[in-house]
Amino acid sequence: MQQTSKEVAIDFDGFRIYKDGTIDRFDGDPTVPPSPESETGVRSKDVVISSGSGISARVFLPKISDPTQKIPLLVYYHGGAFCVCSAFSPGYTRYASSLAQEANVVVLSVNYRRAPEDPLPTAFEDAWEALQWAAAHSGGSGPEAWINQFADLERAFVGGDSAGGTLAQNVVLRAGVDGLGGKARLVGMALFDPFFGNDEPDKLMEVIFPSYSGANDRTVNPACDPNLGRVGCERVLVFVAEKDSLRDRGWGYYEALKKSGWSGVADIVETEGEEHVFHLENPESEKAKDRMRRAVSFLNQAHI
């Protein structure tokens, strides 16, 4: 019997989605287990956020010198165009561990459901549920012991790269509009090469986001959101890279935020001569180390 090839909906960097809703992830879906203790002293373990939806996360705990003193929490969302990678990928496990070690923060790296198996806005709802789950630890009686014991929920940060940056911005804005409840307080948000929309049509969104309303859809293009001035944190740091095709979108978000009436402090850092998420591809490069130092400095402002 002659086989017919499936019709392609979109070819993207690292994956191909077919019109029947299936996907080929060209690099497979590699994962690594958590580490009871790494060479740097960072411990990690996996936790279930919602057994019903399958949302999970990997928690990273740096070496604690004073167990009586709590340290900030960073809720982090991985990138991958909403379709590839996970919190358990080797690169994200390495990066989250490095952030925990260098900044001395507890990192909750969220594993949200991906498209096309779970089309958008599923990832946005998962991201919000994960942030609410983290905030529920503010009274010290949440479901995860490490967060209860070591994380200061009044000094919490949210971050993400690429599509994860889109998720991070979305949940922090939602926190500003709807509130998180309890004593949880979002100090800042760090966005690494965020994957925002602009005024051009986006073929990927048309494929993986059935309710996508076009270039001005505020879910992925926050500059179009009339509530942008209600971003629910005090400081925002946006990282962009000169040779990244998303560079101008990061700058556009920064400019829109500055003009929105938001009362916080926003900064942007551009790295010359680099591509999208270069710090994940080559973490030992000097420019990647500089980006890490700037991120650590931003996160350490919570210690003041």
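All values below were derived from every heavy atom in this structure, side-chain atoms included, with hydrogens, water molecules and symmetry-related copies excluded. By convention here, the first residue in the shown sequence is residue 1.
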Distance in Å, [X] [atom1] paired with [Y] [atom2], rounded so as to fall on 0.5 Å steps:
| X | Y | atom1 | atom2 | result |
| --- | --- | --- | --- | --- |
| Ile55 | Trp128 | CD1 | CH2 | 13.0 Å |
| Asp66 | Phe150 | CG | CZ | 10.5 Å |
| Glu274 | Glu242 | CD | CD | 9.5 Å |
| Thr122 | Arg113 | OG1 | CZ | 5.5 Å |
| Ser263 | Arg230 | OG | CZ | 12.0 Å |
| Arg114 | Ser86 | CZ | OG | 6.0 Å |

I'd like to know if [Y] and [X] are part of one continuous hydrophobic network [Ile/Leu/Val/Met/Phe/Trp/Tyr, side-chain heavy atoms within less than 4.5 Å].
| X | Y | value |
| --- | --- | --- |
| Val84 | Val32 | no |
| Tyr18 | Val207 | no |
| Leu280 | Phe298 | yes |
| Tyr254 | Val265 | no |
| Phe88 | Val277 | no |

Nearest atoms (heavy-atom pairs only) where [X] meets [Y]:
| X | Y | answer |
| --- | --- | --- |
| Leu108 | Val59 | CD1-CG2, 3.7 Å |
| Leu153 | Ala135 | CD1-CA, 4.1 Å |
| Ile17 | Cys83 | CD1-SG, 4.0 Å |
| Asp193 | Leu246 | O-CD1, 4.2 Å |
| Ala288 | His279 | CB-CA, 3.8 Å |
| Gly21 | Pro116 | O-CG, 3.5 Å |

| request: Apply the ring-ring contact (aromatic ring centres under 6.0 Å, His included) test between Phe82 and each candidate in Phe124, Tyr212, Tyr112, Phe12; give the one that qualifies. | output: Phe124

pair [X]-[Y]: side-chain heavy atoms closer than 4.5 Å:
| X | Y | result |
| --- | --- | --- |
| Pro90 | Pro30 | yes |
| Leu191 | Tyr253 | yes |
| Val171 | Val75 | no |
| Asp267 | Val238 | no |
| Val106 | Leu74 | no |
| Phe239 | Glu270 | no |
| Met189 | Leu237 | no |
| Phe26 | Arg16 | yes |

Partner of [X] under side-chain contact (heavy atoms from CB on, under 4.5 Å), chosen from [options]:
| X | options | value |
| --- | --- | --- |
| Thr271 | Arg247, Arg291, Lys243 | Arg291 |
| Ile208 | Asp202, Ile23, Leu120 | Leu120 |
| Tyr76 | Leu167, Val158, Asp161 | Asp161 |

Any sub-3.5 Å donor-acceptor pair from [X]'s side-chain atoms to [Y]'s backbone N or O?
| X | Y | value |
| --- | --- | --- |
| Trp262 | Cys233 | yes |
| Ser297 | Arg294 | no |
| Asn221 | Asp217 | no |
| Ser89 | Tyr92 | no |

| What's the verdict on salt bridge (Lys or Arg N to Asp or Glu O under 4.0 Å) for Lys19 and Glu7, showing C-alpha distance, side-chain angles and the deciding distance? | CA-CA 6 Å; Lys19 289 190 174 180; Glu7 191 172 358; 3.0 Å; yes

| task | Could you walk me through whether Trp133 and Glu144 pass the side chain to side chain contact (heavy atoms under 4.5 Å, CB included) test, one step at a time? | result | CA-CA 10 Å; Trp133 181 89; Glu144 172 45 44; 3.7 Å; yes

| said: Can you confirm whether Asp20 is buried at CG, in the sense that more than 12 heavy atoms of other residues, nucleotides or ligands lie under 6.0 Å from that atom? | reply: yes

| message | Can you tell me if Arg25 has over 12 outside heavy atoms packed within less than 6.0 Å of its CZ? | response | yes

| said: Using the rule given for side chain to side chain contact (heavy atoms under 4.5 Å, CB included), can you reason through His78 versus Asn111, listing the C-alpha separation, both sets of side-chain angles and the distance that settles it, and then say yes or no? | reply: CA-CA 8 Å; His78 69 83; Asn111 199 51; 4.2 Å; yes

| Can you check side-chain hydrogen bond (donor to acceptor under 3.5 Å, both in side chains) on Lys63 and Thr40, steps first, answer last? | CA-CA 8 Å; Lys63 189 174 183 179; Thr40 62; over 6 Å; no

| query | Using a distance-only test with no angle check, is there a side-chain donor-acceptor pair under 3.5 angstrom linking Arg58 and Thr93? | reply |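 Arg58 vs Thr93: donor-acceptor pair found between side chains.
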
| request: Could you tell me whether the side chains of Ser162 and His276 share a donor-acceptor contact shorter than 3.5 Å? | output: yes

| said: Using side chain to side chain contact (heavy atoms under 4.5 Å, CB included), reason through Val187 and Arg185 one step at a time and then give a plain yes or no. | reply: CA-CA 6 Å; Val187 176; Arg185 169 174 162 260; 3.7 Å; yes

| query | Parallel, tilted or perpendicular for Phe192 and Tyr95, by the 30°/60° rule? | reply |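 Taking Tyr95 first and then Phe192, their aromatic rings stand perpendicular (interplane angle over 60°).
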
| query | Does the side chain to side chain contact (heavy atoms under 4.5 Å, CB included) test come out yes or no for Val240 and Ile268, once each step is laid out? | reply | CA-CA 7 Å; Val240 295; Ile268 189 165; 4.1 Å; yes

